[in-house]
Engineer: 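Have a look at this one before I ask anything.
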Amino acid sequence: MSLALKSDYAKQFLRENDTLGLIPQIEAAHKTIQNKKDDMSAFLGWADLPFNYDKEEFARIKAAAKKIQSDTDVLIVIGIGGSYLGARAAIEFLKGPMYNEISDGFPKVYFSGNNISGSALNDILKVCENKRVSLNIISKSGTTTEPAIAFRIFRKYLVERYGEAEASKRIYCTTDKARGTLKELADQNGWESFVVPDNVGGRYSVLTAVGLLPIAAAGLDIDALMKGASAAAKDYDVLDVEANPCYKYAALRNAFYRKGKSVELFVSYEPRFVMLGEWFKQLFGESEGKDNKGLFPAAVTFSTDLHSMGQFIQDGTRIMFETALTVNSVDNDVTVEYDDNNGDGLNFLAGKTLSYVNHKAFEGTVLAHADGGTPTLNITIDKCDEENLGRLFYFFEKACAISGYVLGVNPFDQPGVEAYKKNMFALLGKPGYEESKAELEKRLNK
């Protein structure tokens, strides 16, 4: 298990002083995290989580996962943002985007409550026909609109199909430990409950019960996941920007930002990394986008998006840099065979694996993009397993926290997220929002 950060394809775009000048701010950010770890209001519970997680609850998570595996064909995970992105990213990273079609004896896992689409919800209901179904509802409060709507509908489905008593055995809650609507419902109905820690924000919660229960239910090794994260927590606590790849990454991305590179493209060359890109976008976007500051995080998958976004990246506005994730060893590889007719002209690839061809696509792309004015940082991992993923999750969480402090924002709040909710509630006629409705409708020209 290892992670390396390579900046060879970015050196020509930066001077040595661009990162050296950030070292005092990196050191200050490091000390801030160290000094505030015991402050529950600082939302730094993720920092020592790989060592200090609740071992009793961890054992209950594994037991619940085994029960789900024994009596469930379809597990529906209901949550939005950090309540689902980490788990989905992990399952696809480790099992691939086709995991539900090749679930190898483990429950299929579908994610709902992350949009307000009736057709999407109905599609999942159709999947449930003639299948044994369980729910994992994830919400700190229980009142977030998107998951609350989905839970109301799926809970009704379970009760009508199984009855109240059996339905209660198939509902697993991940919520606040002591308060909130969902916690009250769980206590009233006897649903097994797991805790969203008070000092861990949603986008940093993948290594809590929020992510661990769905990941374990899908048949993945959460012990190995935590082992990788704990190794990362130790390795990335070293106050040496050159020796610590996590801190060096934070320094490099801030250096690019100060040079006018306002967009960071998370680049992957494997379809199984697509949802990791979505998790990355929330982690950095919600953490840094404040006070009219912050890098805009976007994600692309190459070589697919080279045929759509490639033109802009190569020749468009020079506002971005790339952070490419590559893997050294690929499972289930395919070798190109020799064809006597060579009608497609591909015999020059005969005997080569697709992972080899893919890596040459990566090398050709970073050189072309560098020539076009877009630098690339390259993060490499050994292989796609639980330990490497645990390390990767922690690497990005720590880098995001350090980057946010260097940027001068609080990387653990999200005040801007509430604006759309207030408008939506008013337009829908939610009690308490009546005064805003008329003004909003006027602005919409209704």
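Along the sequence shown, residues carry numbers from 1.
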Engineer: With side-chain hydrogen bond (donor to acceptor under 3.5 Å, both in side chains) as the criterion, how do N378 and T326 come out once you've worked through the C-alpha distance, each side chain's angles and the decisive distance to 0.1 Å?
Structural biologist: CA-CA 7 Å; N378 180 207; T326 57; 3.1 Å; yes

Engineer: Would you say the side-chain atoms of D240 pair up with the backbone N or O of A243, donor to acceptor, closer than 3.5 Å?
Structural biologist: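 At least one qualifying donor-acceptor pair exists.
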
Engineer: Where the side chain of Q282 meets the backbone of G82, is there a donor-acceptor pair that is under 3.5 Å apart?
Structural biologist: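 Yes.
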
Engineer: Quiz question: by atom type and distance under 3.5 Å, do the side chains of Q34 and D237 form a donor-acceptor pair?
Structural biologist: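 Note: Q34 and D237 side chains meet the donor-acceptor criterion.
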
Engineer: Step by step, would you call K290 with D413 a salt bridge (charged side-chain N to carboxylate O under 4.0 Å, His left out)?
Structural biologist: CA-CA 9 Å; K290 295 154 196 172; D413 66 358; 2.8 Å; yes

Engineer: Check whether any side-chain heavy atom of R318 lies under 4.5 Å from a side-chain heavy atom of T374, and answer yes or no.
Structural biologist: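 With C-beta onward as the side chain, the pair touches.
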
Engineer: Decide yes or no for L239 and N244: does some side-chain heavy atom of the first lie under 4.5 Å from some side-chain heavy atom of the second?
Structural biologist: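 A side-chain contact is absent here, since even the closest heavy-atom pair is not under 4.5 Å.
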
Engineer: Suppose we call two aromatic rings close when their centres sit under 6.0 Å apart. Are F43 and Y204 close by that rule?
Structural biologist: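 Between F43 and Y204, the centre distance exceeds or equals 6.0 Å.
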
Engineer: Can any side-chain N or O of T317 pair as donor or acceptor with the backbone N or O of I319 at less than 3.5 Å?
Structural biologist: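 It does not hold such a pair.
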
Engineer: Checking side-chain polar atoms at under 3.5 Å, does R253 have a donor or acceptor matched by the opposite partner on T323?
Structural biologist: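 Absent: no donor and acceptor within the cut-off.
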
Engineer: Is the positively charged end of K261 above the ring of F256, judged by distance under 6.0 angstrom from the centroid and angle within 45° of the axis?
Structural biologist: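 Not flagged: K261 not positioned over aromatic ring of F256.
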
Engineer: Taking the side chain as every heavy atom from C-beta outward, state whether R170 and V133 have any atom pair closer than 4.5 Å.
Structural biologist: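 The answer is no, as the side chains (C-beta and beyond) never meet within the 4.5 Å cut-off.
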
Engineer: Check for me whether the distance between the ring centres of F284 and F266 falls short of 6.0 Å.
Structural biologist: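 No, the ring centres sit 6.0 Å or more apart.
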
Engineer: Identify whether the distance between the nearest side-chain nitrogen and carboxylate oxygen of R391 and D235 falls below 4.0 Å.
Structural biologist: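 A salt bridge is present here (some side-chain N lies under 4.0 Å from a carboxylate O).
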
Engineer: Below 4.0 angstrom, N of the basic side chain to O of the carboxylate: do D48 and K37 qualify?
Structural biologist: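 Counted as a salt bridge, because a side-chain N and a carboxylate O are separated by less than 4.0 Å.
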
Engineer: Taking the six-membered ring for Trp, are the ring centroids of F194 and Y172 within less than 6.0 Å of each other?
Structural biologist: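 Aromatic pair excluded; centres sit 6.0 Å or further apart.
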
Engineer: Would D18 and R15 count as a salt bridge (charged side-chain N to carboxylate O under 4.0 Å, His left out) if you check the C-alpha gap in whole Å, the side-chain angles of each, and the deciding distance to 0.1 Å?
Structural biologist: CA-CA 5 Å; D18 291 334; R15 296 171 299 179; 3.7 Å; yes

Engineer: Could you check E286 against R203 for salt bridge (charged side-chain N to carboxylate O under 4.0 Å, His left out), going step by step and ending with a plain yes or no?
Structural biologist: CA-CA 8 Å; E286 204 168 56; R203 57 191 176 274; 3.0 Å; yes

Engineer: Just by distance, no angles: are the side chains of S117 and N115 close enough, under 3.5 Å, to form a donor-acceptor pair?
Structural biologist: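 No donor-acceptor contact under 3.5 Å links the two side chains.
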
Engineer: Does some side-chain heavy atom of K62 sit less than 4.5 Å from a side-chain heavy atom of I222?
Structural biologist: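 Contact flag for I222/K62 side chains = yes.
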
Engineer: I'd like to know if the side chain of D385 pairs up with that of N388 as donor and acceptor (distance under 3.5 Å, no hydrogens or angles considered).
Structural biologist: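 A pair is found: one side chain offers a donor N or O, the other an acceptor, under 3.5 Å apart.
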
Engineer: Pairing donors with acceptors under 3.5 angstrom, does anything connect the side chains of Y247 and K398?
Structural biologist: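 Yes.
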
Engineer: Donor-acceptor check, side chain of T72 to backbone of I68, threshold 3.5 angstrom: yes or no?
Structural biologist: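 Here the side-chain-to-backbone pair exists.
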
Engineer: Counting N and O atoms only, with roles assigned by atom type, does the side chain of K95 sit under 3.5 Å from a partner on the main chain of A218, one being a donor and the other an acceptor?
Structural biologist: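 Side chain of K95 to backbone of A218: a pair is present.
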
Engineer: Measure centre to centre between the rings of F362 and H359, then say whether the value is under 6.0 Å.
Structural biologist: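 Under 6.0 Å, so yes.
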
Engineer: Backbone N or O of Y356 within a donor-acceptor pair of the T353 side chain at under 3.5 Å?
Structural biologist: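 Side chain of T353 to backbone of Y356: a pair is present.
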
